[in-house]
Protein chains: 2
Amino acid sequence: MSHEKEKKLAQARAKVIKALAHPTRIFMVDLLSREDLSVTELTEAVGADVSTVSKHLSLLKQSGILIDRKDGNRVHYSLVCPCIMEFIHCIDDVIYGEAERGMSCLLPKGSEAR
Amino acid sequence: MSHEKEKKLAQARAKVIKALAHPTRIFMVDLLSREDLSVTELTEAVGADVSTVSKHLSLLKQSGILIDRKDGNRVHYSLVCPCIMEFIHCIDDVIYGEAERGMSCLLPKGSEAR
DNA sequence: ACTCTATTTGGCATATTTGCCAAATTACCA
DNA sequence: TGGTAATTTGGCAAATATGCCAAATAGAGT
């Protein structure tokens, strides 16, 4: 069976994308794209239990999306790669497409018809 | 508690990203970024049960990522928005960053927060 | 040492997701 | 009309993910 290499790649990609696949985690990434924040600050913004937020952050860190930095008592998280937000804006294109059914992103691929 | 608007957005984003958060589905999207394929063709490439593949495709369609087109007996799926692959390539940057811990996505475009 | 505050971890009950089988559906063709 | 290939759907058991509580850990200041 071919495609073995592509399948491995897909697995690695899935691991990262899964880490983003949660409303709270996306929200936090969005916030962190503007400024670094501590767990407490994120917890307030999110409005969930601290332990829950901590686990979300841990997941995002393990996936290579965030890094943490100790600052005395606190831990600040920040985006490793700002391109994540570009990525997410691309998702927004899909959302628009869903709503308007006209077309969404950059180029029509020549396969509309509907 | 503010951020209500951003949270709604995060929810919409999560719906789309969740649809991508599976190795098989990413693999299929990758294949479809090169050419449209039928369910049978995708099933062969993926190596899972047809019903499983069909359900994956249905999910991707419902999320606005794919559209289907009937062709006689068959159904061909294709990417609605090619930008999805950019998104995925950005994910690759994160994967590299994970492996090399050096730096990854030295941005091709004007980025750096926004 | 004791006390806060901040963060992480363990445990667990409750959702959600996944993937296979079998059965239903749809379209083509003889 | 019957037969066959292509696709979807229903159902269900097994695997994962989620979120809260309680308990553990870490740092700063007294």
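Below, each value reflects all heavy atoms present in this structure, side chains not excepted, and no hydrogens, waters or symmetry copies. Protein chains get the first letters and strands the later ones, always in sequence-line order, with residue 1 at the start of each.
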Nearest-Å distance, [atom1] ([X]) to [atom2] ([N])?
| X | N | atom1 | atom2 | value |
| --- | --- | --- | --- | --- |
| B:Ile17 | C:dT16 | CD1 | P | 19 Å |
| B:Arg69 | D:dT7 | CZ | P | 12 Å |
| A:Leu42 | C:dA6 | CG | P | 14 Å |
| A:Lys15 | D:dA17 | NZ | P | 12 Å |
| A:Met28 | C:dT7 | CE | P | 13 Å |
| A:Asp71 | C:dA6 | CG | C1' | 12 Å |
| B:Leu59 | C:dT17 | CG | P | 8 Å |

Which value, rounded to the nearest 0.5 Å, describes the distance between B:His89 atom NE2 and A:Cys90 atom SG?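 Answer rounded to 0.5 Å: 11.5 Å.
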
With rounding to the nearest 0.5 Å, note down the distance linking CG in A:Leu42 to CG in A:Leu31.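 Spacing of CG (A:Leu42) from CG (A:Leu31) equals 6.5 Å.
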
Between side-chain atoms of residues 8-30 of chain A and protein atoms elsewhere (two or more places apart, or another chain), which donor-acceptor pairs fall under 3.5 Å?
residue	atom	partner	partner atom	Å
A:Arg13	NE	B:Asp92	OD1	2.8
A:Arg13	NH1	B:Asp30	OD2	3.2
A:Arg13	NH2	B:Asp92	OD2	2.8
A:His22	ND1	A:Thr24	N	3.1
A:Arg25	NE	A:Ala19	O	2.6
A:Arg25	NH1	A:His56	ND1	3.0
A:Arg25	NH2	A:Lys18	O	3.3
A:Asp30	OD1	A:Arg34	NH2	3.4
A:Asp30	OD2	B:Arg13	NH1	3.2

Among pairs that include at least one residue of residues 29-48 of chain B, which meet ring pair (Phe, Tyr, Trp, His ring centres under 6.0 Å), considering only residues two or more places apart or in two chains?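 Counting only pairs at least two positions apart or across chains, no ring pair (Phe, Tyr, Trp, His ring centres under 6.0 Å) contact touches residues 29-48 of chain B.
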
For nucleotides 8-12 of chain D, which of its nitrogen or oxygen atoms have a protein nitrogen or oxygen under 3.5 Å away, and what is each distance?
residue	atom	partner	partner atom	Å
D:dT8	OP1	B:Tyr77	OH	2.8
D:dT8	OP2	B:Ser54	OG	2.8
D:dT8	O5'	B:Ser54	OG	3.4
D:dG10	O6	B:Lys55	NZ	3.1
D:dG11	O6	B:Lys55	NZ	2.5

By side-chain hydrogen bond (donor to acceptor under 3.5 Å, both in side chains) - contacts of B:Glu41 (at least two apart):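 Counting only residues at least two positions away or on another chain, B:Glu41 forms a side-chain hydrogen bond (donor to acceptor under 3.5 Å, both in side chains) with B:Ser38.
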
Does a side-chain N or O from [X] land closer than 4.0 Å to OP1 or OP2 of [N], or not?
| X | N | value |
| --- | --- | --- |
| A:His56 | D:dA17 | no |
| B:Arg74 | C:dC28 | no |
| B:His76 | D:dA6 | no |

Toward the 5' end of DNA chain D, which comes first, A:His22 or B:Ser38, by nearest nucleotide?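 Its nearest nucleotide being more 5', the pick is B:Ser38.
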
Both B:Thr40 and A:Lys18 contact DNA chain D. Which one's nearest nucleotide lies toward the 5' end?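 Result: B:Thr40.
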
All salt bridge (charged side-chain N to carboxylate O under 4.0 Å, His left out) counterparts of A:Asp49, not counting sequence neighbours: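 In terms of salt bridge (charged side-chain N to carboxylate O under 4.0 Å, His left out), with neighbours along the sequence ignored, A:Asp49 is linked to no residue.
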
Protein-nucleotides 25-27 of chain D N/O pairs closer than 3.5 Å?
residue	atom	partner	partner atom	Å
D:dG27	O4'	A:Asn73	OD1	3.4

Closest heavy-atom contact between A:Val94 and B:Cys81?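 Between these two residues, the closest heavy atoms are CG2-CB, 4.4 Å.
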
Listed once per pair and sorted, the side-chain hydrogen bond (donor to acceptor under 3.5 Å, both in side chains) pairs that draw on residues 69-83 of chain A, sequence neighbours left out: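 Matches after skipping sequence neighbours: none remain.
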
Tell me which one of A:Val80, A:Leu57, A:Asp36, A:Leu59 satisfies side-chain contact (heavy atoms from CB on, under 4.5 Å) with A:Leu66.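 Going through A:Val80, A:Leu57, A:Asp36, A:Leu59 one by one, the side-chain contact (heavy atoms from CB on, under 4.5 Å) with A:Leu66 is satisfied by A:Leu57 alone.
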
